[in-house]
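Data first, discussion second: the structure below is written as structure tokens.
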Amino acid sequence: MAAPQKPLQSTGLDSRLRDAGLFVQQAVRTFRATGAVAPSSRALGHALARFVDEREKPDAPLAIMEAGAGTGAVSRVIAQHMREGDTIDMVESNPEFAGRLADQLATAPDLNPIADSATVHQMLVTDLGTDRSYDVIISGLPFANFTAEEVREILEYYFTVLRPGGHLSLFGYLYTKQIKAVVAPREDYLRQARSSWVVEEWVNRYGIGTERVMANLPPAWIQHLRRPEE
Ligand SMILES: C[S@@+](CC[C@H](N)C(=O)[O-])C[C@H]1O[C@@H](n2cnc3c(N)ncnc32)[C@H](O)[C@@H]1O
């Protein structure tokens, strides 16, 4: 007689594979909003979570916002850097991703410990309202796919809800402009160039550091910005 089979346990790997599958499916359906072919790597997550670690006041809890949380690849890493009393708003416009994230907060061993401190908001980040304030904003939004006006509106929103002295970390992918210059229609190349100039304008005003993360698909750049004290 065959030995009784053990029930299949959900491992971290199962969960990451399911996330990757959902991500690719949604990337095919909604590439403009999703803006990536795979969830971010842990290396990118750790680099983005820098100001959850580096705190001006080590004992003061942080209010954190993650914009464009997707299936939670970066959220899981942020969770590792959070301390008691910290809170996080995870904002995600895609209902499939937001639903998956809420399920994972309830059940996944790497997200469940922060479930009581986390809120998933299924909406556009600019619809979250201005009656709130954050110490750290981590943005996963695919600015390269947006118009210059959309990027400006979102950056203005971030700097409205970021407290003076607070940090914004955002990322994009290396070499996309160069690749688009060769393969994309001229209007799309120009649209991306214009939206990247808006990001550059904010980096010139508020940038405090940049990083490259090669261990990501595709390799990524990060910009860290700080809202000046008033
Ligand atoms: C590049 S993916 C990043 C996902 C995840 N943070 C990661 O790193 O794997 C961008 C995410 O932003 C979401 N998104 C796009 N525009 C948005 C908006 N205006 N407000 C909130 N989420 C948005 C997309 O649905 C997608 O999940």
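Just so you know, these numbers use all the heavy atoms, side chains as well, and skip hydrogens, waters and symmetry mates. Read the numbers this way: they start at 1 and go in the same order the structure lists the ligands and their atoms.
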Ligand 1 atoms in contact with [X] (distance to a heavy atom under 4.0 Å):
{"X": "F146", "result": "16 (N)"}
{"X": "A73", "result": "9 (O)"}
{"X": "P39", "result": "9 (O)"}
{"X": "N94", "result": "25 (O)"}
{"X": "G140", "result": "1 (C), 2 (S), 3 (C), 10 (C)"}
{"X": "M123", "result": "20 (N), 21 (C)"}

Would you mind checking if [Y] and [X] are paired as a salt bridge, meaning a charged N to carboxylate O distance below 4.0 Å?
{"X": "R55", "Y": "D86", "answer": "yes"}
{"X": "K57", "Y": "D135", "answer": "no"}
{"X": "D89", "Y": "R132", "answer": "yes"}
{"X": "D103", "Y": "R100", "answer": "no"}
{"X": "R226", "Y": "E54", "answer": "no"}

Would you say ligand 1 has an N or O under 3.5 Å from any N or O of [X]?
{"X": "G68", "value": "yes"}
{"X": "T71", "value": "no"}
{"X": "E92", "value": "yes"}
{"X": "F97", "value": "no"}
{"X": "T34", "value": "no"}

Quick one: nearest non-hydrogen protein atom to [atom], plus distance?
{"atom": "atom 19 (N) of ligand 1", "value": "L124 CD2, 3.4 Å"}
{"atom": "atom 20 (N) of ligand 1", "value": "V125 N, 3.0 Å"}
{"atom": "atom 8 (O) of ligand 1", "value": "S40 OG, 2.4 Å"}

Between L225 and I208, is any pair of side-chain heavy atoms under 4.5 Å apart?
no

Is the positively charged end of R205 above the ring of W202, judged by distance under 6.0 angstrom from the centroid and angle within 45° of the axis?
yes

List the atom of [X], the atom of [Y], and the distance in Å for their closest heavy-atom pair.
{"X": "L162", "Y": "H167", "answer": "CD1-O, 3.5 Å"}
{"X": "E229", "Y": "P164", "answer": "OE1-O, 3.8 Å"}
{"X": "E92", "Y": "G70", "answer": "OE1-N, 2.7 Å"}

Applying a heavy-atom cut-off of 4.0 Å, say which part of [X] lies close to ligand 1: side chain, backbone, both or neither.
{"X": "F143", "result": "neither"}
{"X": "A69", "result": "backbone"}
{"X": "V74", "result": "side chain"}

Is the distance between the ring centroids of Y206 and F159 under 6.0 Å?
yes

Any A33 heavy atom less than 4.0 Å to ligand 1:
yes

Just to check, does E150 reach to within less than 4.0 Å of ligand 1 when the distance is taken from its heavy atoms?
no

Residues, nucleotides or ligands: over 12 heavy atoms within 6.0 Å of D116 CG:
no

If hydrogens are left out, which of P95, A220, S93 has an atom nearest to atom 22 (N) of ligand 1, that is, the closest non-hydrogen atom?
S93

